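Reading through the structure tokens given below for one structure.
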Amino acid sequence: KAGVTQTPRYLIKTRGQQVTLSCSPISGHRSVSWYQQTPGQGLQFLFEYFSETQRNKGNFPGRFSGRQFSNSRSEMNVSTLELGDSALYLCASSLTGTASSYNEQFFGPGTRLTVL
Amino acid sequence: AQSVAQPEDQVNVAEGNPLTVKCTYSVSGNPYLFWYVQYPNRGLQFLLKYITGDNLVKGSYGFEAEFNKSQTSFHLKKPSALVSDSALYFCAVRGPYSSASKIIFGSGTRLSIRP
């Protein structure tokens with residue numbers, strides 16, 4: 001099975017712009033989660049989607065949004081970029097269903113976003 | 001609220017020696033506990049998890065972890081370290097399923113194995 005794929009792998013934007021990152025989960029996985037990883041803050045949970053519905057959300061401003069499509073692919077969008085948004089954005093998929101939160105997550109390689 | 005702590009930013013071990021990477025957690029109810037490893041410029045890889053049952057859990061690459069409910073700990077261990085084990089290790093916790101059950105990651109511990 002192909003792993004989790006994320007596009008693009010690298011991205012450079014300027015302050016004020018917006019960006020859309022894409023994630024394709026492992027075939028058969030219906031849950032997709034997004035994380036922001038920075039040296040100072042570690043791994044911060046952004047949101048989790050299951051069957052096109054946002055099931056959980058982390059403590060990020062409304063500039064961060066996401067969605068999931070019927071084929072389980074997911075996108076996240078960051079509007080009005082700030083310098084502090086520079087980070088590695090990781091996507092993870094799992095078999096987690098409506099009653100099982102114990103399945104491990106499979107991570108993609110990440111998208112490295114640099115905001116200038 | 002649930003939380004997880006990795007008290008050591010870095011652990012240094014000589015090759016061939018045993019290693020321990022510490023993790024403590026706080027969660028309401030019975031926890032689901034995970035360890036992940038991250039190699040440079042890569043995403044995280046799953047190592048092992050505890051759901052229920054035996055307190056000693058075995059995982060990938062010879063790693064194991066011991067769940068200790070009284071001490072709310074889930075330390076990662078390996079009897080004999082390899083240089084290739086050098087990486088960033090994350091502990092994660094998730095509470096029993098509910099609409100508020102998010103997975104929380106620790107701050108990470110950098111493991112350095114010297115030849």
Side-chain angles (χ1 to χ4, degrees), chain A residues 1-7 9-10 21 23-26 29 31-51 53-60 87-112, chain B residues 1-10 23 27-53 57-60 63 65 67 74 87-110:
Chain A
K1 273 187 179 178
V4 177
T5 58
Q6 292 186 245
T7 57
R9 291 292 311 279
Y10 302 91
L21 311 182
C23 172
S24 293
I26 291 173
H29 286 192
S31 173
V32 173
S33 298
W34 288 90
Y35 299 87
Q36 181 195 65
Q37 186 177 20
T38 59
Q41 297 296 319
L43 205 63
Q44 301 289 313
F45 170 76
L46 280 156
F47 21 68
E48 178 185 14
Y49 288 88
F50 179 78
S51 291
T53 301
Q54 186 179 87
R55 190 159 66 174
N56 273 306
K57 190 176 189 303
N59 297 322
F60 278 81
L88 180 67
Y89 289 88
L90 292 166
C91 167
S93 73
S94 75
L95 282 170
T96 300
T98 55
S100 57
S101 59
Y102 51 77
N103 289 305
E104 61 270 27
Q105 295 184 309
F106 294 82
F107 284 78
T111 294
R112 173 77 61 187
Chain B
Q2 56 192 65
S3 65
V4 60
Q6 293 180 244
E8 301 157 317
D9 290 337
Q10 177 136 355
C23 172
V27 69
S28 298
N30 295 319
Y32 299 139
L33 295 157
F34 307 83
W35 275 102
Y36 290 85
V37 60
Q38 186 177 34
Y39 297 101
N41 301 314
R42 302 275 293 275
L44 277 68
Q45 294 178 33
F46 169 75
L47 276 178
L48 50 78
K49 66 181 177 183
Y50 172 83
I51 302 171
T52 186
V57 179
K58 294 189 183 295
S60 306
F63 284 94
F67 170 64
F74 189 56
L88 187 57
Y89 290 79
F90 290 94
C91 179
V93 64
R94 190 165 194 169
Y97 180 77
S98 75
S99 61
S101 178
K102 306 173 188 178
I103 184 166
I104 305 296
F105 282 82
S107 55
T109 298
R110 188 163 300 281

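Owing to the predicted nature of the structure, the values given are computational and were not obtained by experimental measurement. All chains are named by letter (A, B, ...) in the order of the sequence lines, taking the proteins before the strands, and each is independently numbered beginning at 1.
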Measure distances from B/L88 to the heavy atoms of chain A and classify the residue's part below 4.5 Å as side chain, backbone, both or neither. side chain
Can you name the closest pair of heavy atoms from A/Y35 and B/I103 and give their distance? OH-CG2, 2.8 Å
Most heavy-atom pairs under 4.5 angstrom with chain A, which of B/Q45, B/R42, B/K49? B/K49
A/Q105 to B/F46 - nearest heavy-atom pair and separation: O-CB, 4.2 Å
By a 4.5 Å heavy-atom criterion (distance strictly below it), what part of B/I51 contacts chain A: side chain, backbone, both, or neither? side chain
Flag the pair B/F105 / A/Q37 as yes when at least one side-chain heavy-atom distance between them is below 4.5 Å, and no otherwise. no
Heavy-atom proximity to chain B below 4.5 Å, by part of A/L43: both
Side chain, backbone, both or neither: which part of B/Y50 has a heavy atom under 4.5 Å from chain A? neither
So how far is it from B/F90 CZ to A/F107 CZ, rounded to the nearest 0.5 Å? 9.0 Å
